[in-house]
Amino acid sequence: NAGVTQTPKFQVLKTGQSMTLQCAQDMNHEYMSWYRQDPGMGLRLIHYSVGAGITDQGEVPNGYNVSRSTTEDFPLRLLSAAPSQTSVYFCASSYSDETGELFFGEGSRLTVL
Amino acid sequence: KNQVEQSPQSLIILEGKNCTLQCNYTVSPFSNLRWYKQDTGRGPVSLTIMTFSENTKSNGRYTATLDADTKQSSLHITASQLSDSASYICVVRQYGNKLVFGAGTILRVKS
């Protein structure tokens, strides 16, 4: 099992450009989510999905879109990148049970100039 | 407001020494609390989960405690190793499945 796979690991964008961060998991997890991690702050939830075809907003959704067409994939789209979106992004998945251990990808470091 | 506060922010210890990391929370209603270890450049990995009825749980050299009355948890690392250098994140789950993350404690173990 590869677990949770994120691509790319690093990306540099110019302000206004768009891009998609890819996330795939092979554990048949129903729950998938995207977080951003900034220095000195806890992980913040951007968007999440409880199953294929179902997505919802998290704590900081503005400027990001998601879709969940399959159980395995949960891409995150930046519509028009801004310097404030410079961050490290993590995709995570879990079984939808009350213990809810999150399995994280390796992260994608995004810099917006 | 649901919050998770971790202390200290950072810590440097000598290899072989013990250390204790603190997590105080105001999350209610409480479901469970997890400690994650995040190595530099990697994603967080779960170390242990604490539920309401558990006071202490060990995972090798890591021992987590929970005092649900005072809403405090600690992570004790025994006989530290260089590989323990990482960020340790406390995450509290609220009933209804909302997660509240602490900002983490950065531990550096020196030889």
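None of the values given here were measured: they were computed from a predicted structure. Order of the sequence lines fixes the chain letters, A, B, ..., with proteins taken first and strands second; residue numbering starts at 1 for each chain.
Neither the backbone nor the side chain of B:Q6 comes within contact range of chain A, judged by heavy atoms closer than 4.5 Å. Only the side chain of B:L99 comes within contact range of chain A, with heavy atoms under 4.5 Å apart.
Minimum interatomic distance between B:F101 and A:L102 (heavy atoms only, all atoms of both residues): CZ-CD1, 4.1 Å.
Connection of B:V91 to B:I106 is not established within any shared hydrophobic cluster, with ILVMFWY side chains joined at heavy-atom distances below 4.5 Å, either directly or through further cluster members. Taking hydrophobic clusters as Ile, Leu, Val, Met, Phe, Trp and Tyr residues chained together by side-chain heavy-atom distances below 4.5 Å, A:V60 shares a cluster with A:L78. Hydrophobic clustering places B:L21 together with B:M50 (ILVMFWY residues linked when any side-chain heavy atoms are closer than 4.5 Å, directly or through intermediates). In terms of hydrophobic clustering, with Ile, Leu, Val, Met, Phe, Trp and Tyr side chains grouped at heavy-atom distances under 4.5 Å, B:V92 and B:F52 are assigned to a common cluster. Linking Ile, Leu, Val, Met, Phe, Trp and Tyr residues whenever their side-chain heavy atoms come within less than 4.5 Å places B:I13 and B:I77 in a single cluster.
Contacts of residues 65-75 of chain A with chain B at a heavy-atom distance below 4.5 Å are absent; not one residue qualifies. Residues from residues 35-57 of chain A that place a non-hydrogen atom less than 4.5 Å from a non-hydrogen atom of chain B comprise A:Y35, A:Q37, A:G40, A:M41, A:G42, A:L43, given in numerical order. Scanning residues 86-93 of chain A against chain B with a 4.5 Å non-hydrogen threshold yields A:F90, sorted by number.
Contact tally against chain A (heavy-atom pairs below 4.5 Å) for B:G102, B:P44, B:A103: the top residue is B:P44.
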Side-chain donor-acceptor distances from residues 105-113 of chain A under 3.5 Å, at least two apart:
from   : atom 1 : to    : atom 2 : distance (Å)
A:E106 : OE1    : B:R42 : NE     : 2.5
A:E106 : OE1    : B:R42 : NH2    : 3.4
A:E106 : OE2    : B:R42 : NE     : 3.2
A:S108 : OG     : A:Q6  : NE2    : 3.1
A:S108 : OG     : A:P8  : O      : 2.7

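The number of heavy atoms from other shown groups lying within 6.0 Å of NZ (A:K9) is above 12.
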